[in-house]
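Notes follow once the structure below has been shown.
Letters A, B, ... are given to chains in the order of the sequence lines, protein chains preceding strands, and every chain is numbered from 1.
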Amino acid sequence: MKKGDHLFLVDGSGYIFRAYHALPPLTRKSDGLPVGAVSGFCNMLWKLLREARDTSVRDTPTHFAVIFDYSSTTFRKEIYPEYKANRSAPPEDLIPQFGLIRQATKAFNLPCIEKEGYEADDLIATYARMAEAVGAEVTIISSDKDLMQLVTPLVSMYDSMKDKQIGIPEVIEKWGVPPEKMIDLQAMTGDSTDNVPGIPGIGPKTAAQLLEEFGDLDTLLARAGEIKQQKRRENIIQYAEQALISRQLVTLKTDTPIDVGLEDFGLEPQNGPKLVAFLKSMEFNALTRRAAEATGVDASEIEAANLKIEAVAEARGPDLDSAGSDASPEAATASSQMVVSSKPPSSNVSATPADLVKARTDEALSAKIDRSAYTTIRDVASLQIWIDEAMASGIVAFDTETTSADPMQTEIVGLSLATRPGKAAYIPINHKSRDGDLLGGGLLEHQIPEAEVFRLLKPMLEDASVLKIAHAMKYEWLVMHRHGIDLHPVDDTMLISYVLDAGEGHHTMDSLCDRWLGHKPLAYKDLVGSGKSSLTFDKVEIERATEYAAEDADVTLRLWRLLKPRLVADGLSSVYERLERPLIPVLARMEERGISVDRQILSRLSGDLAQSAAAIEDEIYKLAGEKINIGSPKQMGDILFGKMGLPGGSKTKTGQWSTSAQLLEDLAAEGHELPRKVVDWRQLTKLKSTYTDALPGYIHPDTKRVHTSYAMAATSTGRLSSSEPNLQNIPVRTTEGRKIRTAFIAAPGNKLISADYSQIELRVLAHVAEIPQLTQAFADGIDIHAMTASEMFGVPVEGMPSEVRRRAKAINFGIIYGISAFGLANQLSIPREEASQYIRTYFERFPGIKDYMEATKAFARQHGYVETIFGRRAHYPEIRSSNPQLRAFNERAAINAPIQGSAADIIRRAMVRMDAALKDAKLTARMLLQVHDELVFETIEDEVEATLPVIREVMENAAMPAIALSVPLQVDARAAHNWEAAH
DNA sequence: GTCCGACCGTA
DNA sequence: TTACGGTCGGACG
């Protein structure tokens, strides 16, 4: 090697862990072997080497090596036995990848370097200094701060994941000190992930400031007495020795004995067949193709390499010898080789996702939760230690404690973090004393100021390499967004559970904790009480709050470790990653925007309704002959069917007379006056109490808009639900009801756009059941209910009586709902035999429907769940019940779920894509509401015409490219000043 | 104060 | 005949 050469040193071990956490989990298709980190690693090497051939890129390597940790026992353990003693075993689905990445390195024809007793960092330091000594340039492919001490004018670092060069200025910018002072800085701050002690209370900021003032650690220790802050001075004096040990630990060895010299790192040409064989064995299809093209080999002629998984110890995380496993140092460091396709013999090394899930399930149940082990963070330095640990580990579970369940109204009281199972802390921020004056208690002491907490947390919360985990992340996201934080990337244990187990009970943290961890966490109610005497969380004692809040973060992290691998094992990763996780920020922003509701219109309507209802009330009292509570079905039933002796139809299951609208309508049709009045009265009072009177109470005091809350994990089918207020059941069917919608208005200068799918569920049915007449009718754009009627009854579409079409329409809906003769008879008010005959006729005309329904039932019976076209599952654990009614109910639901659920998935896909599509088109339209098959937007008037086609385009193509539907999707979109007119 | 059933608004 | 959430009355404590 000589001056002008350029050596690339890849921190292979560092890369593995970072890639594992930062990249989406990926498994080999054929057998589920986890290969996410291998994939990231190969792509990175490919990119680095491709640029090496590209002469237009300046910084190209002439020499190249990939460096790995060898084992966990290094010379540092002799200096300080506790070094890295806090490391837990690596994730099980990472273990097989250690060996694979080494094989990948060899497949790329690159030197693969490791040395017993030394860490990769020491080898990198040694090689970097050697190359520098002969005047060559060095690029270290890593973002590890431990390597930053090596940076010089000739040595720089490159963060391949963020595509960021790290030179001297970047080090100074990030740490406040030049590279040569990094060792002293690390010696002072310590490193919680490696268990390097440092000096308590000294974080990077303080350390940089002290180094600025005193020059170096030795001088600082010598002149520590000059430090003004008492606590800091005491700590530095008391822990001086510890700082010196820490310095030894963090100082990289530049004289590591080496077996391979720089001259052997010269970049060799690719061995095309060898590389392609490896990539093929990993089933990295895109990269295989690229590699074959670039090296000029025919991939189809090359057989996939016959891979073996070597058990390899990695000092970075896997402390295999202390993990209590049977992986002895010998087994770990030598090459106890296992063929991938066979089960690993009596080993806890998980080769398949199922093994991993099994291991994690056992782990979750056996590990006990100890609330007394949690920490309360009351000062900036301690907080920084936790943040550093989160940054280093790349994973953190968190939970906010707030004053309200409504993220739009709430104040943050505190925040908890968990970095490892059992390791969690609570940061009290706004706890108040309970016995305050009338204004409420004052802020308690020893809490870090809110602004400071957010300032410190923000970089971590927004760091692309740190995964933030919460239970019900949308709430956290929204609270954080309102504090100016763009939380990402995220995982949500509630949504993971929902994807895995929709239909198997609720997905609250308490129920999951009980189910999976066999543990009952502290109940919120026990802290704050209930009812009138309940407190807001800011009045909870900090000690109690710590136990509760930290436990939530701890439990969230434990649940994540258990549930996340199940996504891979069950083949549900894409449902989670495409339909659930990306919807979190989309829905959060919709909730945050809210919609404008006109108070005056509602108030006027309320008055009108009150008047009309009062008039009807008087007439009802007259007809009934006494004053009763009309709103009481019990009292109304007694009057109608007891006192007045009308023919009562059915009784409810509690033995009361049924007074359903349907039944009263039937009585009215027979000429009875009172039932008609009751039906009218009910409609008016329903509109008044549920809508005109309740909605104004939801207008936000600051935004003056109404902010609903969408539940992402509430339904068994994949639909959303809306509450507080429910904006998915605003009246539309009756003239009176529709007036409510006129109160939903666009902001001044804006319009509302309503875009809804036409007959989406019937279209989905036509697709999944493959019904030629239906697909043809949708392709031709003809009236689907009329076509159905025509097929069934032999009546031509032209001049069809409306009653005939109405019946066909009811049957079509009935099919989607898992039709029964009883239900159809009820709906159409016809005898059950007649309904039965309709259904028989329908199935004769559309035999594919019958086949589809039978096949769906059989699938559900066999598997206990059904699937949408995108693979979302809905579970029906009671479908094999011996109770015929219960079983039949589950069968109908199972028939409905793939149809309703596929439609729900389609609109979810549209929503996930919508913001980017509008942005690309440079439009300002914003999504406000979702009503199952409808999206409501708000946009400035001038952009309406340009916006409509963009919305339609996204919605109509939402199934693509995952699914090419056999029917077109049709979207009707209109703009107006209010929702009624736009719909 | 809390729970449940009846009823009814939406897709 | 599918999927939801809100309001009310009434019974329970």
Between A:I630 (CD1) and B:dC7 (C1'), how many Å, whole number?
15 Å

At under 4.0 Å, does any side-chain N or O of A:R733 touch on OP1 or OP2 of B:dT10?
yes

Taking donor-acceptor contacts at under 3.5 Å, does the side chain of A:N726 reach the base of C:dG5?
no

What does A:A694 touch in the nucleic acid at a heavy-atom separation under 4.0 angstrom: a base, only the sugar-phosphate, or nothing?
sugar-phosphate

Quick one: A:F813 CZ to B:dA11 C1', roughly how many Å, whole number?
8 Å

Could you tell me the separation between the OH atom of A:Y710 and the C1' atom of C:dC4, rounded to a whole number of Å?
13 Å

Is the distance between the ring centroids of A:Y852 and A:F846 under 6.0 Å?
no

Short side-chain N/O contact to C:dA3 OP1/OP2 from A:T715, under 4.0 Å:
no

Short question: side chain of A:R738, backbone of A:V732 - any donor-acceptor pair under 3.5 Å?
yes

Is the distance from OP1 or OP2 of C:dG5 to the nearest side-chain N or O of A:S721 less than 4.0 Å?
yes

With the six-membered base ring of C:dT2 as reference, does the ring of A:Y817 sit under 5.5 Å away with planes under 30° apart?
yes

Can you check whether A:Q635 has a side-chain N or O nearer than 4.0 Å to OP1 or OP2 of C:dG10?
yes

If you compare every side-chain N and O of A:N629 against the phosphate oxygens of C:dG9 (OP1, OP2), does one of them come in below 4.0 Å?
yes

Please check the phosphate of B:dC8 (OP1 and OP2 only) for any side-chain N or O of A:R682 closer than 4.0 Å.
yes

Name the closest nucleotide to the A:T654 side chain, picking from B:dG5, C:dT1, C:dT2.
B:dG5

Ignoring the backbone of A:P633, work out which of B:dG9, C:dT1, B:dA6 is nearest its side chain.
B:dA6

Atom pair distance, as rounded to whole Å: NZ in A:K686 and C1' in B:dG9
5 Å

Side-chain N,O (A:S658) to OP1/OP2 (B:dA6) below 4.0 Å:
no

Distance-only, no hydrogens or angles: does the A:T742 side chain make a donor-acceptor pair with backbone N or O of A:K739 under 3.5 Å?
yes

Output yes when at least one side-chain N/O atom of A:S632 is less than 4.0 Å from OP1 or OP2 of B:dC7, else no.
no

Looking for any heavy atom pair under 4.0 Å, which part of the strands does A:L687 touch: base, sugar-phosphate only, or nothing?
nothing

NA contact type, A:T685, heavy-atom cut-off 4.0 Å: base, sugar-phosphate, or nothing?
nothing

For A:I819, report the nucleic acid contact type (base, sugar-phosphate, nothing); a contact means any heavy atom under 4.0 Å.
base

Pick base, sugar-phosphate or nothing for A:A904, based on heavy-atom distances below 4.0 Å to the nucleic acid.
nothing

Has A:R887 got a side-chain atom pairing as donor or acceptor with A:E878's backbone, closer than 3.5 angstrom?
no

Take the protein atom CZ of A:F822 and the nucleotide atom C1' of C:dT1, then report the distance between them rounded to whole Å.
10 Å

Rounded distance in Å - CG (A:N812) to P (B:dA11):
17 Å

Grab the NZ-P distance between A:K809 and C:dT1 for me, whole Å please.
19 Å

So A:E934, base contact, sugar-phosphate only, or nothing? Heavy-atom distance under 4.0 Å.
nothing

Using the side-chain heavy atoms of A:A893, tell me which of these nucleotides is nearest: C:dT2, B:dG9, C:dT7.
C:dT2

Among B:dA11, C:dG10, C:dG5, which nucleotide sits nearest the side chain of A:K634?
C:dG10

Have a look at A:Y691 and say if it touches a base, only the backbone sugar-phosphate, or nothing, with a 4.0 Å heavy-atom cut-off.
sugar-phosphate

What nucleotide among B:dA6, B:dA11, C:dT2 has an atom nearest to a side-chain atom of A:Q900?
C:dT2

Mind checking if A:G818 touches a base, just sugar-phosphate, or nothing, with heavy atoms under 4.0 Å?
nothing

Ring centroids only, cut at 6.0 angstrom: are A:F859 and A:Y865 within range, meaning strictly under it?
yes

Base, sugar-phosphate, or nothing: which does A:Y698 touch, judged by heavy atoms less than 4.0 Å apart?
nothing

Whole angstrom value for the distance that separates C1' of B:dG5 from CH2 of A:W657
18 Å

Nearest to the A:T690 side chain among C:dC4, C:dT7, C:dG5, which nucleotide is it?
C:dT7

Might you work through the salt bridge (charged side-chain N to carboxylate O under 4.0 Å, His left out) test for A:D501 and A:R873, ending with a clear yes or no?
CA-CA 8 Å; A:D501 297 320; A:R873 292 179 188 171; over 6 Å; no

Check: A:S534 side chain, A:S530 main-chain N or O, donor-acceptor pair, under 3.5 Å:
no

Winner on side-chain proximity to A:S716, out of C:dC4, B:dA6, B:dG9, is C:dC4

Using a 4.0 Å heavy-atom cut-off, does A:Q656 contact any base of the nucleic acid, only the sugar-phosphate backbone, or nothing at all?
nothing

OP1 or OP2 of C:dT2 under 4.0 Å from side-chain N/O of A:R892
yes

Side-chain N or O of A:T659 less than 4.0 angstrom from OP1 or OP2 on B:dC7?
yes

Passing candidate, side-chain hydrogen bond (donor to acceptor under 3.5 Å, both in side chains) with A:Q728, options A:E934, A:Q930, A:R719:
A:Q930

